[in-house]
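Structure, as structure tokens:
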Amino acid sequence: MMYVSTRGAAPTADFETVLTAGLAPDGGLYVPQAFPKASPPVTPDYAAAAADILANFTGDAFSRDRLGEMTQAAYSSFDHEETAPLTQVGDEDWILELYHGPTLAFKDFAMQLLGRLFDDVLERRGERLTVIAATSGDTGAAAIHALAPCRNAGVVVLHPEGRVTDVQRRMMTSIDAPNVLNIAVDGDFDQCQAIVKALFANRAFAEQVRLSGVNSINWARLAAQTVYYFTTAAKLGGGAPINFVVPTGNFGDVYAGFVAKQMGLNVGRLGVATNANSILHKALTSGSYRPEGVHKTLSPSMDIQVASNFERLLYQAYGCDGAKTAEMMDRFGRERDLQIPADVLDLISEDFISEAVSDAQTLQEIKSHYERTGALIDPHTAVGRVAAKALRKAGKLSGPVVTLSTAHPAKFPDAVEEATGQTPALTDAWSDLHERPEFMEHAPADADAIASVVSARFG
Ligand SMILES: *Cc1c(COP(=O)(O)O)cnc(C)c1O
């Protein structure tokens, strides 16, 4: 299994390179040269299923036994025996609970595994890396909890100051470890993400600290996220195609569903559910992909305008033409405006449909879900539920629909409380979170300033 860059000007790379490099050297994103084929797992054991599916992507980077050990270790950190349990909430409606990992959001699925893959590769090579991530709230905690135990990796996390919830911030900053560096950036998530890109582009700095990435542009993360699409299909059985509705920010999780479909899984349509940051919804309905300012919403992990992984979809929709993708992305970088031609949009619309959801609808859904089922859902999940219902009502979805529940309600207590009057309890492992001391640096939204802070620790 070899990988190519969406911008067509990087050498083909193996899994190990793709894992540790993050971004391709031509500024593009790695994608497999051809999608491997896989079937829904027969084993009910999530970790075993994960090893089977991931073996399609890892080439000869790990032995099959070693891969199995690492998936077992990664998913034993989850507090539900099914790892990704499926709950029926209506006639043909399910919720896929992806928040039973150590930091209570779906990011743990990829990150717990990535931490282990990284450590294995680095140990073998006798190398050290500095992993950097920008976070809209959940990636950072997941990365820190996955990488803090690594002997061979430092981890730097940039979060937009004041734009993540207290619980999200504390889950990142309450770890005191020499290889963990939290930076609160005076800016929004898109600025954090742009700074990470700028730091990679600064070759001298990137080489000095041996910079590497685990943002959702990292192919290994997407590969890890295909697994729960497969295990869900196995649980629901064959027959009708299964539709998935996915609360979306950076287009990573929903793209993983698309990858599962390319791998032969019987997926129907993929519903892109956005909050008021609806650039993707607008792009998918009008063909105009044009970021505005970031709106602060009740679902902050999706307060994103530029959805990095969208480039992977465009590349494929353009017939895997790297030169054309590079030209489009360059123009987008300059003009912040991208027009998707009608024929390309038609192709995309065969797989993807979308809906944008307001904060008022989000609160209403948390409330009505609680009144109907007695269960609390987090605001991101609520965005997904509102979109699933609207898309079904509009006739765009029929048959089984699975909405991905991407975070535990206790991660977003204010929204849940506002909607229901109930305070969702943190899990036992986190019950003293608000008493723990915090460790972080502060910096302006400036790549050079942040490079100095990082060099001071890891240079
Ligand atoms: C990251 C995140 C999302 C969005 O996922 P993408 O892969 O960026 O589309 C949705 N919900 C929660 C809770 C998240 O943490």
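Keep in mind that the numbers below use all heavy atoms, side chains included, and drop hydrogens, waters and symmetry copies. We count ligands from 1, going down the list as the structure has it; atoms in each ligand are counted the same way.
Taking the six-membered ring for Trp and thresholds of 30 and 60 degrees, W430 and H145 have ring planes more than 60 degrees apart, a perpendicular arrangement. Y3 and F15 have tilted rings, their planes meeting at an angle from 30° to 60° on a 0 to 90° scale. Between F258 and F352, the ring planes lie tilted relative to each other; the angle falls in the 30° to 60° range. Below 30°, between 30° and 60°, or above 60°: for H408 and Y99 the angle between ring planes is above 60°, a perpendicular geometry.
Residue M302 has at least one heavy-atom neighbour below 4.0 Å for each of these atoms of ligand 1: 10 (C). With ligand atoms numbered from 1 in the order given, ligand 1 contributes 13 (C) to contacts under 4.0 Å with heavy atoms of A407. Interface atoms of ligand 1 facing P247, defined by a heavy-atom separation under 4.0 Å, are 4 (C), 10 (C). Close approach of ligand 1 to G252 (heavy-atom distance below 4.0 Å) involves ligand atoms 6 (P), 7 (O), 9 (O). The D138 neighbourhood of ligand 1 comprises atoms 12 (C), 13 (C), 14 (C), 15 (O), with distances under 4.0 Å to a heavy atom of that residue. Against a heavy-atom cut-off of under 4.0 Å, T248 is close to the following atoms of ligand 1: 9 (O).
Scanning all protein heavy atoms for the shortest distance to atom 6 (P) of ligand 1 gives N250 N, 3.6 Å. Nearest non-hydrogen protein atom to atom 1 (C) of ligand 1 is K107 NZ, 1.4 Å. Protein heavy atom nearest atom 12 (C) of ligand 1, with residue, atom name and distance: T406 OG1, 3.4 Å. For atom 4 (C) of ligand 1, the closest non-hydrogen atom of the protein is G249 N, 3.5 Å. Nearest to atom 7 (O) of ligand 1 among the protein's heavy atoms is D253 N, 2.8 Å.
Around atom NZ of K235, more than 12 heavy atoms belonging to other residues, nucleotides or ligands sit under 6.0 Å away.
The part of F106 lying near ligand 1 is the side chain, judged by heavy-atom distances below 4.0 Å. Of the heavy atoms in K411, none comes closer than 4.0 Å to ligand 1.
For Y46 and F230, the ring centers are positioned 6.0 Å apart or more. For F109 and F78, the gap between ring centers is short of 6.0 Å.
A salt bridge links K411 to D138: at least one charged side-chain nitrogen sits closer than 4.0 Å to a carboxylate oxygen. The pair E365-K389 meets the salt-bridge criterion, with a side-chain N (NZ, NE, NH1 or NH2) lying under 4.0 Å from an Asp/Glu carboxylate O.
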